[in-house]
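Lettering follows sequence order; numbering is per chain, from 1. These numbers were taken from a predicted model, which means no experiment stands behind them.
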There are 2 protein chains.
Amino acid sequence: MDRPDLGTMTARLLREIVRLETPILAASGLEMWDYVVLAALLGGDAATQRELAAATGRDQTRLIRNLDGLEERGLITRSPDPADRRNKVVALTGSGRDLVGACRARIRVMETELLLSLPADERAALERALVRLVGNP
Amino acid sequence: MDRPDLGTMTARLLREIVRLETPILAASGLEMWDYVVLAALLGGDAATQRELAAATGRDQTRLIRNLDGLEERGLITRSPDPADRRNKVVALTGSGRDLVGACRARIRVMETELLLSLPADERAALERALVRLVGNP
DNA sequence: TATTGTTATACTCTATAACTATA
DNA sequence: TATAGTTATAGAGTATAACAATA
C-alpha cells in the first residue's frame, strides 16, 4: 500500500511524543503548555508576551493563565519593559531555568530511545529535514 | 544553537500541514476530522466504529457526531455487522470514495510542494523514517 | 456480566470583545 | 488613535457516566 498522508503520520508521531513526554513533565509538576513556554524562553525565542504567543503558537489570551501559574511558582518573572512600559518582558528565573533544563535533558533521552529503531543515516536525515523545514522559523 | 525538541518541530510541522490542508478540505465542505475519518476508511484501517476511533485517535463518543454528518451527506453507510449485531460496520459510499480520493490527490500535491525545499535524498529519508516509525501502527 | 453504540450531563477549553494602561 | 496585556463571557469542544441493545 501507498504510505499514509504526511499529516496522518505527523499527527501520529506527535501523539506518541506527547504520550512519552507527559509523565516526564508531570514528575516536575508541568503540563505540556508550561513546558512549551519554558522551552521557548530557554531557546531565547521571545521576550514579550506577544512574541511568546507567536513563538509557541498559543493564543495570547490563553497564554496569560499559564504565565500566572509559572510566575506564582517562581519559575518566571514578568517585568515592564523600560523602553515601552506596555510590554512585559518574560524571563526565566534560576529555578525555572534549572527545571526546564532538567526536563529537556530527560526528553532528549526519550527522543533518542524513540528514534532508536531507525538506521543511523535515516535518523540523521530525519533530524536535518525537520530542522530545515521548521527548525528556525 | 542546538536543534529544538523533536516535539516542538513535529508540532510546528503539523500546524503548517493543517494550515495548508484546511482550505483544500473546506473546498469540499470537509472539516479536518471528517477527512481523517474518511481517509482511515479509504486506507482500510478500520471496519467498526470502535476500530475507527482507535485508528484515528478520536474519542469514540465524539466520533459519532462526525459519522452522523457524513452519513447524512451520503458519504458513508453504517450497517449492523451480521456476525455481531452490536457492531456497526462503517463503509465509504461511491461518492464518499470519490470525494476523499479527490482531496487526497490535492493534498499529495500540497505535500510535494511543502517538501520541495529539501534535498531529494533528505526528503526520501524523511518519508522512509516516518513510515518506519508510525506508518503502519 | 460484558461490550458496542448512543445520549445526557457537567466541565473545560476556546474565541470574541470589552477594559486598563501606556504610547 | 493604536497597541500590550488583562478580564469577562458566551459558545464550542471534551470527558464522564448512564442507557439500550446485543452477546
Could you tell me if A:R50 and A:N87 have a donor-acceptor pair between their side chains, going purely by distance under 3.5 Å? no
Report the distance from atom [atom1] of [X] to atom [atom2] of [N], rounded to the nearest whole Å.
X     : N      : atom1 : atom2 : answer
A:R62 : D:dT7  : CZ    : P     : 16 Å
B:L67 : C:dT7  : CG    : C1'   : 15 Å
B:R58 : C:dT6  : CZ    : C1'   : 15 Å
A:I64 : C:dT16 : CD1   : C1'   : 14 Å
B:M32 : D:dG13 : CE    : C1'   : 16 Å
B:D59 : C:dT12 : CG    : C1'   : 14 Å
B:L63 : C:dT7  : CG    : P     : 13 Å

Do [X] and [Y] have side chains that approach each other closer than 4.5 Å (heavy atoms only, starting at C-beta)?
X      : Y      : value
A:R106 : A:E21  : no
B:L6   : A:L115 : yes
B:R123 : B:L126 : no
B:L25  : B:C103 : yes
B:V90  : B:L67  : yes
B:E122 : A:L130 : no
A:D5   : B:Y35  : yes
A:L70  : A:V37  : yes

Could you check which residues of residues 15-28 of chain B get a heavy atom under 4.0 Å from DNA chain D? Sort them by number, please. none
Nucleic acid contacts - residues 46-57 of chain A versus DNA chain D, non-hydrogen atoms under 4.0 Å: A:T48, A:Q49, A:R50
Kindly say if A:Q60 contacts the phosphate of D:dG5, meaning a side-chain N or O under 4.0 Å from OP1 or OP2. yes
Write down the atom of B:R108, the atom of A:R3, and the distance for their closest heavy-atom approach. NH2-O, 2.7 Å
Of residues 71-90 of chain A, the positions that come close to DNA chain C - non-hydrogen atoms, cut-off under 4.0 Å: A:D84, A:R85, A:R86
side-chain contact (heavy atoms from CB on, under 4.5 Å) between A:D81 and A:K88, intermediate numbers included: CA-CA 6 Å; A:D81 179 0; A:K88 288 192 180 174; over 6 Å; no
